[in-house]
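Here's the structure, in structure tokens; my notes come after.
As a basis for the values below, the full set of heavy atoms in this structure was taken, side chains included, without hydrogen atoms, waters or symmetry mates.
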Amino acid sequence: MTRSPAKTATCNELLDTFYANLRTVHVEKLVFSGVGGRDVYNITAPFQHDGEEVILGRVEERDSEFSQVFFFTSGEDGVWIPRAHTHTYNLQDPCVTRIKGELIVGGVEVITAGDDPSRIISWITQFYRGYRIDSMRHFSSGPGTMKDIRLIELQDGRIGVLTRPQGDRGGRGQIGFTIIDSLDELNEQTFLEAEILHNQFVQEEWGGANEATLLSNGHIGVLGHIACFDRMGKKHYYAMVFSLNPGTFETTPIKIIAARSDFPIGPGKRPELQDVIFSGGLVRGKDGRAVLSVGVSDAEAYRIEIPDPFIEYEV
């Protein structure tokens with residue numbers, strides 16, 4: 001594995017490479033019921049639990065940022081419905097992984113002003129754990145204003161922690177990484193002291209990790225997003241991947257694997273969010289293909305089948 005190049009590529013440069021490479025994709029829109037007409041987006045990849053295929057999704061009104069995270073199962077007609085008798089969480093942007101067989105669920109809690117409950121002033125990533133969906137408990141909170149915290153069990157049994165510092169250390173948003181021995185060490189100090197990965201985003205742009213996958217060589221395949229503003233102030237988010245060596249903290253260059261243009265024209269939460277996709281999770285197949293779960297324009301949920309982006313990192 002080689003370090004990221006000294007000259008960090010911009011969104012536009014990465015897009016040029018992305019569009020220059022022909023690929024075959026298959027796109028499927030997910031349909032939901034049982035949520036009162038609210039939007040469902042920013043879904044996780046599906047996972048198996050007690051013989052069911054389950055996904056988590058962000059559920060909210062089109063004109064609101066106050067959302068709930070639902071667990072969904074697929075009905076016989078392919079429509080996703082809320083899992084029966086299952087607790088929902090007042091969170092945004094769910095994530096899920098397993099650590100030593102235990103289910104770990106995270107999401108972003110919004111913090112509102114004391115004198116104005118409609119005004120969001122901060123956010124905190126919250127984590128829950130348990131061997132069963134119906135018996136999960138809260139066990140850790142991220143620092144204020146830090147989203148995109150992700151966990152992964154490493155080959156040696158330790159736990160990798162991906163963070164997203166902003167401000168003095170991270171600008172608009174960088175990716176940090178650290179390793180802990182157990183979930184008991186997952187605290188605010190751990191998040192804040194994670195080492196920032198170098199040469200990933202130019203100063204005007206930002207990104208974050210959305211899911212981590214353990215590769216066959218022990219490295220980490222990071223699925224995430226890279227984002228930028230255009231001259232009109234509109235946001236542009238693209239799905240990206242890179243590989244991280246947990247022993248040396250070296251990374252491969254970022255590459256874009258999906259863009260809003262891969263999906264049909266559809267509704268958006270707001271005009272400035274039209275060109276936004278949120279990488280929720282990736283399921284690798286045995287045929288060199290993979291299925292990426294995404295939220296689109298902060299309003300819809302899709303799956304897209306693409307060439308497996310992690311294969312080249314396992315050579």
Side-chain angles (χ1 to χ4, degrees), residues 7-21 23 25 27 29-30 38-43 57-67 92-95 108 110 118-123 125 145-148 164-167 170-175 200-211 222-242 253-281 292-304 306:
K7 182 182 181 300
T8 304
T10 66
C11 272
N12 287 335
E13 290 169 337
L14 293 172
L15 274 177
D16 288 342
T17 301
F18 170 70
Y19 286 124
N21 293 311
R23 67 206 174 108
V25 302
V27 174
K29 181 180 177 180
L30 275 65
R38 289 175 289 177
D39 293 329
V40 182
Y41 64 102
N42 292 6
I43 56 171
R58 174 173 171 172
V59 181
E60 69 187 21
E61 301 286 350
R62 182 69 56 84
D63 60 354
S64 173
E65 293 288 339
F66 295 96
S67 60
Q92 300 177 344
D93 302 338
C95 61
V108 178
V110 297
S118 66
R119 182 166 63 91
I120 297 172
I121 59 173
S122 187
W123 47 88
T125 302
T145 73
M146 185 181 287
K147 299 182 180 181
D148 303 326
R164 197 196 68 170
Q166 292 180 288
R172 287 179 170 170
Q174 297 285 329
I175 297 176
Q200 290 200 300
F201 310 106
V202 299
Q203 184 176 1
E204 299 81 14
E205 299 175 356
W206 68 98
N210 295 112
E211 186 186 60
V222 179
L223 169 70
H225 60 274
I226 183 170
C228 60
F229 285 110
D230 64 20
R231 294 180 180 178
M232 302 299 292
K234 292 184 179 180
K235 293 181 179 179
H236 303 269
Y237 274 67
Y238 308 98
M240 62 80 167
V241 295
F242 64 92
I254 282 173
K255 64 178 180 181
I256 289 176
I257 61 168
R260 178 65 181 85
S261 57
D262 285 320
F263 304 92
I265 295 172
K269 193 172 190 67
R270 296 188 300 273
E272 70 270 20
L273 300 176
Q274 190 63 40
D275 193 31
V276 168
I277 62 172
F278 182 92
S279 311
L292 174 66
S293 297
V294 296
V296 174
S297 303
D298 280 15
E300 297 180 303
Y302 277 87
R303 288 177 178 169
I304 178 170
I306 59 174

Heavy atoms, side chains only, cut-off 4.5 Å: are [X] and [Y] in contact?
{"X": "Leu30", "Y": "Val40", "answer": "no"}
{"X": "Thr10", "Y": "Cys228", "answer": "no"}
{"X": "Asp262", "Y": "Ile277", "answer": "no"}

Is it true that Asp275 and Arg260 make a salt bridge, defined as a side-chain N closer than 4.0 Å to a carboxylate O? no
Chi angles and distances behind the side chain to side chain contact (heavy atoms under 4.5 Å, CB included) call for Glu13, Lys7: CA-CA 11 Å; Glu13 290 169 337; Lys7 182 182 181 300; 3.1 Å; yes
Once rounded to the nearest 0.5 Å, what's the spacing between atom [atom1] of [X] and atom [atom2] of [Y]?
{"X": "Arg164", "Y": "Asp148", "atom1": "CZ", "atom2": "CG", "result": "4.5 Å"}
{"X": "Ser297", "Y": "Tyr302", "atom1": "OG", "atom2": "OH", "result": "9.0 Å"}
{"X": "Glu272", "Y": "Asp298", "atom1": "CD", "atom2": "CG", "result": "9.5 Å"}
{"X": "Asp39", "Y": "Lys269", "atom1": "CG", "atom2": "NZ", "result": "6.5 Å"}
{"X": "Arg62", "Y": "Tyr41", "atom1": "CZ", "atom2": "OH", "result": "9.5 Å"}
{"X": "His236", "Y": "Phe229", "atom1": "NE2", "atom2": "CZ", "result": "9.5 Å"}

For [X] and [Y], work out which heavy atoms get closest and say how close.
{"X": "Leu223", "Y": "Gly280", "value": "CD2-C, 4.5 Å"}
{"X": "Ser261", "Y": "Tyr19", "value": "OG-OH, 2.8 Å"}
{"X": "Val222", "Y": "Ala209", "value": "CG1-CB, 3.8 Å"}
{"X": "Pro267", "Y": "Ala299", "value": "O-CB, 3.6 Å"}
{"X": "Ile257", "Y": "Arg23", "value": "O-NH1, 3.0 Å"}
{"X": "Phe242", "Y": "Pro253", "value": "CB-O, 4.0 Å"}

Stepwise side chain to side chain contact (heavy atoms under 4.5 Å, CB included) test for Arg38 and Glu60: CA-CA 5 Å; Arg38 289 175 289 177; Glu60 69 187 21; 5.6 Å; no
Does NZ belonging to Lys234 count more than 12 external heavy atoms closer than 6.0 Å? no
Any side-chain to backbone donor/acceptor pair from [X] onto [Y]? Under 3.5 Å, distance only.
{"X": "Gln166", "Y": "Arg172", "value": "yes"}
{"X": "Thr8", "Y": "Phe201", "value": "no"}
{"X": "Thr125", "Y": "Met146", "value": "yes"}
{"X": "Gln92", "Y": "Glu65", "value": "yes"}

For Thr17 and Lys255, what are the C-alpha separation, side-chain angles and deciding distance, and is it a side chain to side chain contact (heavy atoms under 4.5 Å, CB included)? CA-CA 8 Å; Thr17 301; Lys255 64 178 180 181; over 6 Å; no
Kindly indicate, with the supporting measurements, whether the criterion side chain to side chain contact (heavy atoms under 4.5 Å, CB included) is fulfilled by Leu14 and Met240. CA-CA 10 Å; Leu14 293 172; Met240 62 80 167; over 6 Å; no
From the options Asn210, Val294, Val296, select the one residue that forms a side-chain contact (heavy atoms from CB on, under 4.5 Å) with Phe278. Asn210
